[in-house]
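Below is one structure, written out as structure tokens; the observations come after it.
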Amino acid sequence: MCGIVGVTGVENALPYLLRGLEKLEYRGYDSAGVYLANPDGTDFLVKEKGRVSALVAEAQAQGVYGTAGIAHTRWATHGNVSVENAHPQASSDHRFHLVHNGVIENYQELQEQYLAGVTFASQTDTEVAVQLVDKFAKEEELSTRDAFAKMISLLDGNSAYGFLLMDSQEPDTLYVAKKKSPLLIGVSDHGNAVTSDAAAMLDMTANFIELMDGDIALVKPNSVEIFGADGQAVVREPFHLDIDPAQTDKGAYPYYMLKEIDEQAVVARTLAGHYFNDEGEIVGIGCAIGDTIKQADRLYIIAAGTSYHAGLVGKRYFENWANIPTEVHIASEFAYDQPLLSEHPFFIFLSQSGETADSREVLDNIKRQGFPTLTIANVMNSTLTREADFALPVLAGPEIAVASTKAYTAQIIVQAILAYSLGEVELDLKQELAKVAVEIQAITDEKATFQAIAESALKDQHSAFYIGRGLDAAVALEAALKLKEISYIQTEGFAAGELKHGTISLIEEGTPVFALLTQAKTAGLIRGEVAQVAARGANTITISSKSLARPDDAYVLPEVDELLMPLLAVIPAQLIAYYATLARGLDVDRPRNLAKSVTVQ
Ligand code: F6R
């Protein structure tokens, strides 16, 4: 969840590192720090609590510089948010500095066993790691590489790490290691870099070497040496990443979230173009995926958060179009409470980042049981895509705002296309997706309407509800998550029929209740439920589809195939969440306590 960058072999690493951290800030933003070293032996450590901007101001005020350096933006796991707990963490004599993404499960045992006399400056597991390197280097006279490898060999098998270490006695060398945490080495003819996300280093290079779990690498100004898990030298060729750096910029938008909401029409078109040929036949899904799924008697969709909500919608496509019973599970629950499986299960992992630790845990378990797996993710080359048997891209482009928007709709579309490819469906899905794209565009063009709804209904509220039935209930969960995670208004998404079984007691005078109404079969029932809460004082705001609309509905959605309506119904909810958050004066892109990619369990 934290962000890591390192640079060596440049005139001054500081601007690269700070720009990198700014790009990575969406991954964690409790505190940030940088360590810089020079061939003449001078070095600098600057750490600040809060946003990267505080670190930038302090580093510039102190005038620090270095031809190599490492930097980190933190999402706290061990130890509260403080300068002491910020990374880089240093060994007691400040010879070694380490930044770390992940969790060392047995750090307390290691501390007790090896570091009894050492005084610790922080409460972090990372400090234990760097003190261990120091101890092994000094007491056992190991080279830095061997001390680093020895420290790693002591970590509990469940530990996840991306490490970037510097030894002040070798100020041009970055020591790198990873397990279950993404790290890439960026190579160029004007210095080399290390990063947990390629987007952070694109202004230095677009050529990256992917590290594998268990690798240790030494990155120097003109060379990269990699040692595999068995300690033997390996050569890994760089790949060229085709990302336009502009894709990771906000451009003229005030927030990434708004840009990403607006991009959804384009993403729908991109997916239709990628997965269908001109004749409307599916081309982007290899036969092996379809053949394997067809042998399954049940699909299990595994995901977390917004991706889980996308899975709840996808289930309907697999059941209605492909005729395969489908279950959707929260990854963190499934990992430790696996239900009784069918005889021939097939697992689909849904993820924006492809790095979510909860989902990775399930994938590991399922692989051990020998069942076939597919990951549908936005970040290809991520752990979940690499480790599953099959992978399909979501092609939403970099999603930077912590609140996921375009990855949700894109995941729904990819599931729809996959389900469509497995069955015989009357619908022309390619054409229908073109219509979806046009209508998403039309809805996003009506921002003023959603701003007015958000400001009048939510500005001063402490709680709210989204209700719906069937597919609308699935969208209600996502709509509620979007609103609560960024505006901090406690919002529940509810299957409307359940309200009267208890939760309706929370309805007070003026409580906002958003009703989603796009499914003909249950439209009358929802109308009844809206009346029930209105009779108890709720401020009801109904978002309906055209053929089901009534004159006093707050917003009427254009119509596409009913099963695809979630793709439209979620857009007002995203925009309402955005404008409610703005109205409350909060940071839309970086809600408190959250991070974009949840790489710890
Ligand atoms: C909410 C959000 C999260 C993620 C969840 C899973 O807006 O983005 O709920 O959906 O953390 O992450 P991924 O999809 O990367 O596996």
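Each ligand, and each atom within it, is numbered from 1 in the order the structure gives. All heavy atoms count here, side chains included; hydrogens, waters and symmetry mates do not.
In summary, the atoms of ligand 1 found under 4.0 Å from a heavy atom of Gln352, numbered by their order in the structure, are 13 (P), 14 (O), 15 (O), 16 (O). Using a 4.0 Å cut-off to heavy atoms of Val402, the atoms of ligand 1 that qualify are 7 (O), 8 (O). The Glu485 neighbourhood of ligand 1 comprises atoms 1 (C), 7 (O), with distances under 4.0 Å to a heavy atom of that residue. Listed by number with element, the atoms of ligand 1 under 4.0 Å from a non-hydrogen atom of Ser404 are 7 (O), 8 (O).
Taking only non-hydrogen atoms, the option from Thr356, Ile302, Val394 nearest to atom 13 (P) of ligand 1 is Thr356.
Note: an N/O pair closer than 3.5 Å links Thr306 and ligand 1 by distance alone. Here's the thing with Ser359: none of its N/O atoms is less than 3.5 angstrom from an N/O atom of ligand 1.
Checking Glu399 against Ser404 by side-chain atom types alone, a donor-acceptor pair falls below 3.5 Å. Neither side chain, Gln574 nor Tyr408, offers a donor N or O lying under 3.5 Å from an acceptor on the other. For the residue pair Gln451 and Glu455, a side-chain donor N or O sits within less than 3.5 Å of a side-chain acceptor on the partner. Looking only at atom types and distance, the side chain of Thr491 has no donor-acceptor partner in the side chain of Lys482 under 3.5 Å away. Between the side chains of Asp472 and Thr518, at least one donor-acceptor pair of N or O atoms lies under 3.5 Å.
The six-membered or imidazole ring of Phe450 lies near that of Tyr555, with a centre-to-centre distance under 6.0 Å.
Between Thr405 and ligand 1 there is no heavy-atom distance shorter than 4.0 Å. Within the 4.0 Å heavy-atom shell around ligand 1 one finds Ala403. Residue contact check for ligand 1: Lys482 places a non-hydrogen atom closer than 4.0 Å to it.
In Glu355, neither the side chain nor the backbone holds a heavy atom less than 4.0 Å from any atom of ligand 1.
For CD of Glu319, the number of neighbouring non-hydrogen atoms (other residues, nucleotides, ligands) closer than 6.0 Å is greater than 12.
In this structure, Lys250 forms a cation-pi arrangement with Tyr256, its terminal cationic atom sitting closer than 6.0 Å to the ring centre and no more than 45° off the ring axis.
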